[in-house]
Chemist: 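Here it is, the structure, as structure tokens.
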Number of protein chains: 2
Amino acid sequence: MQPRFIAIKSALVDDIEHGRLAPGDQVESENQLAQRFEVSRMTARRALSELVAEGILARTQGVGTFVADSRPMSSMLTIKGIKDEILARGHDYQCRVVTREKRVATPSESRWLGVKEASPVYFTSLIHYENALPVQLENRWVNPHWAPDYLKQDFTAMTPNYYLNQVAPLTEADHVVSAVLPENDTAEKLMITPSSPCLQINRRTYSARGIVSVATLTHPGERYRLGGHLDFT
Amino acid sequence: MQPRFIAIKSALVDDIEHGRLAPGDQVESENQLAQRFEVSRMTARRALSELVAEGILARTQGVGTFVADSRPMSSMLTIKGIKDEILARGHDYQCRVVTREKRVATPSESRWLGVKEASPVYFTSLIHYENALPVQLENRWVNPHWAPDYLKQDFTAMTPNYYLNQVAPLTEADHVVSAVLPENDTAEKLMITPSSPCLQINRRTYSARGIVSVATLTHPGERYRLGGHLDFT
DNA sequence: CAGTGGTCTAGACCACTGG
DNA sequence: CAGTGGTCTAGACCACTGG
């Protein structure tokens, strides 16, 4: 059974997608929606509030609720593997497997991966080299449920990303980019000093059925940049 | 008069910022909060829901609500101004204009902006504050051709991004994200030590007719992260 | 089982906007 | 002024989790 506020949201999004509501148009008031969908005003309001939070609608007190101006910028960013990136630059690529093991999820790991606390997870730690210099330390936690044979793979031949995309095709990803100082052993693995800033990406990848893996990708700041291009037209 | 759910949110955020609640800790349940603050469960719930939406807390049905690994996070895929981002988090926003002047483009500036060497460019340097702490140093070079009145604007009222988007609507943007150590004067402006890693974004924005401006956005690593979500379906 | 979060109701009073 | 959104209450029933 679908919650009612979801049904209302869907109806409104549908109206927008089919052009029955254009940017700038006023949408029905909370009271009108409540009446039309036979729900309490609080429920109609919730539907509107969430659409406002998602940037799809905009509200002004005393005036009304309107369809917001244009478009979530959908991304042109891709999850290109580091290996492809390096090879595309015409550079030499190498990979070293540091750790490959079954672990018991810590509370925070289990929350990230969406598994029960203390359940088994697969963990790998790899270093990726560009022209013999480390450019990425990849620490990855994998939900064994979606990739039971994960630990048996030869990651020097096929990156974890590539393998996981085979067994559980990627449908979504979240990521958080931050600037950090490396832990001592991370610095050592990346052949940098502990006072060198690193660009760190925390990425969570989803297949159709759930969270497949969580990765922490740490890059020496002086050897790696992240580029992007956005087109709003 | 401050809404009650805001008071509850503030109290929880305060507990987190003062270390009375650490990442992973369970926070009071909706019922406990309702009792402690003498509000209805719906109001306590609203406070928690908003903190969850902001990524500060995480909830699991039947289990409880927990402190998430929390630093503010912004979207990589939208060019939402830092101001909107901060306000959207319900935080206090302030801005200080450090520099505002006409300059002669250096060779590298002129290359970035796509103007002739030694032509005049407009330069502004602003510091954006979230809850009185600097979160972004915005150094921006503007092509006077597309925004002749740029320097006359009151940037504490309207961010450069917003103004430029009015006079020369944004159609494209390039950006490069990197982790760097700040220059001494940058560190001072951001109120951090020169050994604190910074997340730096170099962004070039285009309107239909050419490059409008180039900006270097420098953020203290411990106060800013960049988030994104990709959907491949 | 008791406790948690998730949804929902039918009211209330308020602040704000426009005519 | 009537209508809008903003906040809030005191209940209800549900699904889910852990012990």
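Convention: sequence-line order gives letters A, B, ...; per-chain numbering from 1. Predicted model only: the values in this text are computed from it and were never measured. Quick note: numbers below take in every heavy atom, side chains included, and nothing from hydrogens, waters or symmetry partners.
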Chemist: What is the nucleic acid contact for Arg46(B), judged by heavy atoms within less than 4.0 Å: base, sugar-phosphate only, or nothing?
Modeler: sugar-phosphate
Chemist: In whole angstrom, give the distance that lies between atom CD of Glu50(A) and atom P of dT7(C).
Modeler: 8 Å
Chemist: Can you tell me if Thr43(B) touches the phosphate of dT9(D), counting only side-chain N or O atoms and a distance under 4.0 Å to OP1 or OP2?
Modeler: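 Yes, Thr43(B) has a side-chain N/O under 4.0 Å of OP1/OP2 on dT9(D).
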Chemist: To the nearest Å, give me how far apart CD (Gln32(B)) and C1' (dT4(C)) are.
Modeler: 10 Å
Chemist: Whole Å only: how far is the CD atom of Gln61(A) from the P atom of dA15(C)?
Modeler: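 Atom CD in Gln61(A) sits about 9 Å away from atom P in dA15(C).
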Chemist: To the nearest Å, how far apart are Arg4(A) CZ and dC14(D) P?
Modeler: 14 Å
Chemist: Could you pick out which residue, Ala44(B) or Thr60(B), lies toward the 5' side of DNA chain D when each is mapped onto its nearest nucleotide?
Modeler: Ala44(B)
Chemist: Please report, rounded to the nearest Å, how far the C1' atom of dC14(D) is from the CD atom of Gln2(A).
Modeler: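 After rounding, the gap between these two atoms is 17 Å.
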Chemist: Heavy atoms from C-beta onward define the side chain here; which of dG5(D), dT4(C), dC8(D) lies closest to that of Asn31(B)?
Modeler: dT4(C)
Chemist: Salt bridge between Glu130(B) and Arg223(B), side-chain N to carboxylate O under 4.0 Å?
Modeler: no
Chemist: Any base atoms under 4.0 Å from Arg41(B), or only sugar-phosphate, or nothing? Heavy atoms, all strands.
Modeler: base
Chemist: Can you tell me how far P of dG6(C) sits from CD1 of Ile6(A), to the nearest Å?
Modeler: 12 Å
Chemist: Quick check: are there more than 12 heavy atoms from other residues, nucleotides or ligands sitting under 6.0 Å from CD of Glu38(A)?
Modeler: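 Atom CD in Glu38(A) is not crowded, with 12 or fewer foreign heavy atoms closer than 6.0 Å.
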Chemist: Quick one: is dG5(D) close enough that its OP1 or OP2 comes under 4.0 Å of any side-chain N or O from Thr65(A)?
Modeler: yes
Chemist: Under a 4.0 Å N-O cut-off, is there an ion pair linking Arg59(A) with Glu30(A)?
Modeler: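 Salt bridge between Arg59(A) and Glu30(A), a charged N being under 4.0 Å from a carboxylate O: yes.
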Chemist: Side-chain N or O of Ser29(B) versus OP1/OP2 of dT4(C): is the shortest distance under 4.0 Å?
Modeler: yes
Chemist: Without decimals, in angstroms, what is the distance between Phe37(B) CZ and dT7(D) P?
Modeler: 17 Å
Chemist: Give a yes or no on this: more than 12 heavy atoms of other residues, nucleotides or ligands lie within 6.0 Å of atom CD of Glu183(A).
Modeler: no
Chemist: If we call it a pair only when both distances are under 3.5 Å in a Watson-Crick or G-U wobble match, what pairs with dA2(C)?
Modeler: dT17(D)
Chemist: For Asp25(A), is there an ion pair with Arg20(A) - N to carboxylate O distance below 4.0 angstrom?
Modeler: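 Asp25(A) and Arg20(A): not salt-bridged.
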Chemist: Find which nucleotide of DNA chain C each of Met42(A) and Glu30(B) is nearest to by heavy atoms, and output the residue with the more 5' nucleotide.
Modeler: Glu30(B)
Chemist: Looking only at side-chain atoms of Arg45(A), point me to the closest of dT7(D), dC16(C), dG5(C).
Modeler: dT7(D)
Chemist: Roughly how many Å is it from CG in Leu33(B) to P in dG3(C), rounded to a whole number?
Modeler: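 Those two atoms, CG and P, are 16 Å apart.
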